Colleague: 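Next up is a structure, given as structure tokens.
Values in this document were obtained by computation on a predicted structure and should not be read as measured data.
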Amino acid sequence: MSTTILFSTFPPFPTLSLSVPAETRFEDLYGLLCDRYLDLPSSNGLTISSHAGSVPPETIVSTLHGEASNLITLRLVPRLVGGKGGFGSQLRAAGGRMSSQKTSNNDSCRDLSGRRLSTIKTAKKLSDYQADEPLRKKAEAEARLAKIEALERKIKSGDPESLAGTKHRFDDTEYLEESREIVDSVKTAVTAGLLKKKKKKAKISHESSTPPKDTDSNTAASVTEKVVGSPTSAPALAAVTSITVGVASA
């Protein structure tokens, strides 16, 4: 009784068929196959296996098929040349590098309702900030009150070193009033002189037929004498200087 074997191969070889006796051993199949197909390479480059996996060499072909059929399907595949090893260590090293690059930032993910986790975290931070606002305002008020109390203690102690950086307000009402009156009087005198000079020029412009009189210099001299000879001119200059010093110190 013979058994028919179909070999599924790889390009450029087609599917091969071979009829062998039922008592043929599995390790003898390749030699019989090479006797029929002379173009096949040596057994060092090819191997025969079943679709379920490798088969022991001493296996009888008749045990590979059932009693109802004498057809067997096997695979003819090239051998895989092994390397020097070390592939497992390479995998472990690559896994270590991958695990070191893991991140815990999952803000771009979404929850079951479709909201991003970053949006949820931001909303939570905002609610916590609003809930803590009364405490922050209370702490700011306490800090401001403590600062004011410390300044009051320094003022009461009268320590010149502690008061060196404090500001002082100039409140001499009498001096400020006198200075204001002097400045007003000076402004009034200057305004009167300018008005008189303006009227004089207007009068001269109308007298086009008559040569202009030398009145401008006299008017300017009289205004200068009036301002300089005024009893309030010297205090006015002193008042302006004193106001500037007082404002700078304030």
Colleague: Under the 3.5 angstrom rule, does the side chain of S8 hit a backbone N or O of L74 as a donor-acceptor pair?
Modeller: yes
Colleague: Measuring from I72:CD1 to L29:CG, what's the distance to the nearest 0.5 Å?
Modeller: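 One finds 8.0 Å between CD1 of I72 and CG of L29.
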Colleague: Are side-chain heavy atoms of I60 and R25 found at a separation under 4.5 Å?
Modeller: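 Of all side-chain heavy-atom pairs linking R25 with I60, at least one is under 4.5 Å.
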Colleague: Can you name the residues that form a salt bridge (Lys or Arg N to Asp or Glu O under 4.0 Å) with D132, not counting sequence neighbours?
Modeller: none
Colleague: Side chains of residues 136-152: which donor-acceptor partners sit under 3.5 Å, not counting sequence neighbours?
Modeller:
residue: R136; atom: NH1; partner: Y129; partner atom: O; Å: 3.0
residue: R136; atom: NH2; partner: Y129; partner atom: O; Å: 3.2

Colleague: Just jot down the side chain to side chain contact (heavy atoms under 4.5 Å, CB included) partners of T122, sequence neighbours excluded, or say none.
Modeller: none
Colleague: If I take atom CD from residue E174 and atom OG from residue S179, how far apart are they, to the nearest 0.5 angstrom?
Modeller: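 Between E174 CD and S179 OG, I get 10.5 Å after rounding to 0.5 Å.
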Colleague: Just verifying a value: how many Å separate R92 CZ and Q90 CD, rounded to the nearest 0.5 Å?
Modeller: 10.0 Å
Colleague: Which hydrophobic side chains are connected to I120, either touching it within the sub-4.5 Å cutoff or through other members that do?
Modeller: L117
Colleague: I need the K198 NZ to L194 CG distance, nearest 0.5 Å.
Modeller: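 The NZ atom of K198 sits 10.0 Å away from the CG atom of L194.
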Colleague: Restricting to pairs with a member in residues 111-121, which pass salt bridge (Lys or Arg N to Asp or Glu O under 4.0 Å), not counting sequence neighbours?
Modeller: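 Listed by first then second residue: D107-K121.
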Colleague: How far does CG of L18 sit from CZ of F7, to the nearest 0.5 angstrom?
Modeller: 5.5 Å
Colleague: I'd like to check the side chain to side chain contact (heavy atoms under 4.5 Å, CB included) partners of Q130; sequence neighbours left out, ordered by chain and number.
Modeller: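 Q130: side chain to side chain contact (heavy atoms under 4.5 Å, CB included) contacts with L126.
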Colleague: Enter the distance from I204:CD1 to K199:NZ here, rounded to the nearest 0.5 Å.
Modeller: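 If I round to the nearest 0.5 Å, the distance is 14.5 Å.
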